[in-house]
Amino acid sequence: MSMTPLEELRHSASHVLATAVLRLYPEARLDIGPPTDTGFYYDLDLDHKLTTEDLVKIEAEMKKIADENQPFIRKEVPRAEAEQIIRERKQERYKLGRLADIPAGEAISFYQNGEFMDLCAGTHVRYTAKLKAFKLLSIAGAYHRGDETNQQLQRIYGTAFPTKEELANYLTQLEQAKLRDHRKLGKELKLFHIDEDVGQGLILWTPNGSILRQQLQDFIMGELRKQGYSQVFTPHIGRLSLYKTSGHFPYYKDSQFPPVVERDFLDQLISSGCTCAEMSNRIDAVSVHLAERVNKLTGRETITKDRVLPDDQLIDGFLLKPMNCPHHVKIYSSQPHSYRDLPVRLAEFGTVYRWEQSGELNGMTRVRGFTQDDAHLFCTEEQLQPEILGCLSLVKIILTTLGMSDYRVRIGLRGPDSDKYIGDPAMWDKAEAACRSAAQTIAMAFTEEPGEAAFYGPKIDFMIRDVIGREWQLGTVQVDYNLPVRFNLTYIGADNTSHRPVMIHRAPFGSMERFCGVLIEHFGGDFPLWLAPEQIRLVPISDKNLDYAKTVLDQLLGSGLRASLDTHSDKLGAKIRRAELEKIPYVLVLGGKEAEAQSASLRSRAKGDEGIHKLADLLGRFTLEVATRALPVKKAEAR
RNA sequence: GCCGGCGUAGCUCAAUGGUAGAGCACCUGUUUUGUAAACAGGCGGUUGCGGGUUCGAAUCCCAUCGCCGGCUCCA
């Protein structure tokens with residue numbers, strides 16, 4: 001087990017944390033305490049509910065242990081002795097299981113510092129005095145082995161650095177990151193609102209946020225037209241039977257909003273004394289006809305007998321769509337296709353609804369209703385690779401245009417448990433190779449992750465971190481061999497026989513909500529001119545300049561720019577301050593001098609006062625900056 | 001969903017069992033301003049919602065809704 005020096009330090013800090021906890025709470029039962037990307041934690045079982053005050057005490061005890069300068073000593077022992085050590089220390093509850101995880105033949109080691117001894121592969125710093133800069137940050141619940149059916153433990157998070165300066169820098173960074181949090185900026189800049197009366201995880205896009213979203217949509221739609229996409233519109237709901245054919249219902253029932261069943265139907269069920277469990281079974285069930293059809297198409301018992309009921313027992317209803325694909329599939333299959341028509345590319349900003357667990361909801365990045373910049377491509381096997389390439393280039397255009405370079409690309413391949421994956425292994429090989437070579441062609445660095453594929457095909461995901469350090473999936477490109485089969489999609493080939501198309505799901509932004517959330521944080525609210533809700537604020541020096549200011553406003557609006565006039569009777573400084581706080585890219589100061597020369601005094605967000613310019617020049621500059629979708633100049637670079 | 005913390009004016013926060021308050025925002029008036037905050041006055045609250053304890057509850061207890069940090073999940 002090799003660790004970087006920083007990991008070694010943090011891992012040692014977690015041991016010292018455990019040492020301190022046992023001094024204060026000898027009854028604590030320890031699980032594990034590894035280093036993380038940003039610090040370390042230790043999971044422990046303790047009846048006493050730890051509070052932030054307890055953290056202060058534990059941290060003080062850790063400082064003492066560091067001062068005691070205990071050496072970390074490694075001891076390798078046979079398995080039987082390891083078990084004995086764990087029992088002597090009354091830590092058998094979790095540690096014996098951890099011991100059992102160590103494969104036979106591998107060394108079993110303990111690390112001791114002072115009175116504390118822990119089963120541990122290592123490595124560690126040599127003395128506790130090396131721990132000069134650490135801090136406990138938070139307490140959280142965590143399931144033993146990450147399994148929600150297991151005991152929930154208390155997890156203490158902390159961080160450690162080689163020096164106090166580095167720790168202080170990290171903590172300041174955390175504070176600064178919080179200022180860019182999209183939930184905070186969303187409120188300050190009036191970009192979106194979530195109202196508990198509307199519902200958790202349901203975004204209300206306010207006028208400012210709507211401009212942001214609309215600009216992004218217009219941008220991507222322009223690119224889609226260039227790539228030969230067709231625009232479609234589909235409703236927000238669809239019949240349950242549609243999702244039974246696609247397989248989404250009831251397989252993903254727990255992450256869907258409950259189905260809508262007709263009122264007459266419900267009344268009938270209630271009067272017939274139908275129980276909830278019975279009703280649930282009947283809603284989940286499918287007809288003999290549908291089961292036979294799906295099973296025949298997929299060539300196996302995809303829908304098992306226990307889910308089949310006679311037609312008069314079935315309850316149909318509508319589902320808020322959790323995905324757009326079944327609707328798009330139905331558009332494809334509404335008419336016959338020749339190989340000459342392919343690829344068919346159907347695009348829609350489609351709003352979908354998913355029942356996310358309440359504890360998982362987070363601002364705009366994890367919501368229950370969101371709009372995907374979705375599209376479904378229907379193509380031949382041969383077209384798969386170039387089509388994937390086209391999808392990737394879309395994502396690349398977006399990320400490049402927005403200056404987002406801090407992302408990683410993950411190719412999800414099928415894992416070893418082959419039962420989960422549907423479709424012919426030879427087709428999978430081809431699709432996985434197509435993903436790989438498309439990514440290579442476009443020169444994107446990627447990691448291949450076996451087991452991360454969907455059950456219906458491999459995928460390419462774009463992962464981006466938010467200011468808190470949480471990683472989110474944005475853009476995605478997924479190959480699908482399942483839906484074309486289930487819906488019996490075909491096209492007529494050059495050989496005049498029927499063929500099965502391959503489907504690609506792709507969403508370069510992912511969802512507009514999540515993307516905008518991440519984008520707000522990426523720019524810290526200082527949007528490029530083309531995205532800024534308000535681009536230019538007009539500030540007259542005094543009310544005497546209002547008339548001139550109005551003529552300037554008309555010219556800006558007439559050029560398609562988003563501008564407003566500050567008519568408050570405040571002093572100039574106050575008006576400037578207001579515009580700065582609202583992060584408006586440009587302020588035009590208008591006074592007597594400016595009015596005489598059809599000009600304006602320009603103040604830019606990046607550079608400050610830029611002096612007097614002719615209005616005509618300014619209009620040209622602004623419209624060009626919008627048209628080229630120029631990235632904002634950073635304040636530091638401007639100086 | 002689970003563990004823990006939190007919920008006071010539009011926003012940021014004060015008031016720890018004894019009269020709900022400040023700053024900003026907003027409105028009115030005065031001021032007419034040259035690059036990040038003029039001055040004065042006014043409006044604004046059933047302390048998330050519902051119960052309970054108490055002579056008296058923002059404060060203590062119960063329940064519920066929501067938010068925050070994790071965990072689990074994410075077609």
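Chain identifiers are assigned alphabetically (A, B, ...) following the order of the sequence lines, protein sequences preceding nucleic acid strands; residue numbering begins at 1 within each chain. Computed over heavy atoms, backbone and side chain alike; hydrogens, waters and symmetry mates excluded.
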For this session: Please state the C1' separation for the pair B/C55 and B/C3 - nearest whole angstrom.
Result: 40 Å
Under 4.0 Å between any heavy atoms, over every strand shown, what does [X] touch: base, sugar-phosphate, or nothing? Just pick one.
| X | value |
| --- | --- |
| A/L50 | nothing |
| A/A574 | sugar-phosphate |
| A/K575 | nothing |
| A/Y456 | sugar-phosphate |

Practice task
Say whether, by atom type as modelled, one donor and one acceptor occur between the side chain of A/R486 and the main chain of A/P484 under 3.5 angstrom.
Solution key: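 The answer is no, because no donor-acceptor pair under 3.5 Å joins these two groups.
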Looking only at the aromatic ring of each residue, does the gap between the centers of A/F192 and A/W205 stay below 6.0 angstrom?
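When the ring centroids of A/W205 and A/F192 are compared, they turn out to be at least 6.0 Å apart.
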Worksheet item: What about the rings of A/Y157 and A/Y41, do their centers lie closer together than 6.0 Å?
Response: yes
Does [X] place a side-chain N or O at less than 4.0 Å from the phosphate oxygens OP1/OP2 of [N]?
| X | N | value |
| --- | --- | --- |
| A/Q357 | B/C2 | no |
| A/Y251 | B/C74 | no |
| A/N362 | B/G69 | yes |
| A/H193 | B/G10 | no |
| A/Q154 | B/C3 | no |
| A/R578 | B/U35 | no |
| A/R155 | B/C3 | no |
| A/S569 | B/U32 | no |
| A/R470 | B/G69 | yes |
| A/K571 | B/G34 | no |

Side chain of [X] - closest among [options]:
| X | options | result |
| --- | --- | --- |
| A/R183 | B/G69, B/A38, B/C11 | B/G69 |
| A/K49 | B/C3, B/C68, B/A75 | B/C3 |
| A/Y143 | B/A75, B/G1, B/G34 | B/G1 |

| message | Once hydrogens and angles are ignored, does a donor-acceptor distance under 3.5 Å link the base of B/C2 to the side chain of A/Q152? | response | yes
Exercise for the section: Kindly say whether, by distance alone, the side chain of A/R366 makes a donor-acceptor pair under 3.5 Å with the base of B/C73? Expected result: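 Side chain to base: pair present.
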Can you classify the ring geometry of A/Y456 versus A/H505 as parallel (below 30°), tilted (30 to 60°) or perpendicular (above 60°)?
tilted
- Tell me the partner of B/U54, counting only Watson-Crick (N1-N3 plus N6-O4 or O6-N4) or G-U wobble (N1-O2 and O6-N3) with both under 3.5 Å; none if nothing fits.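 Across any shown strand, B/U54 pairs with none.
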Contacts of A/I541 and A/L153 projected onto RNA chain B by closest heavy atom; the upstream (5') one is A/L153
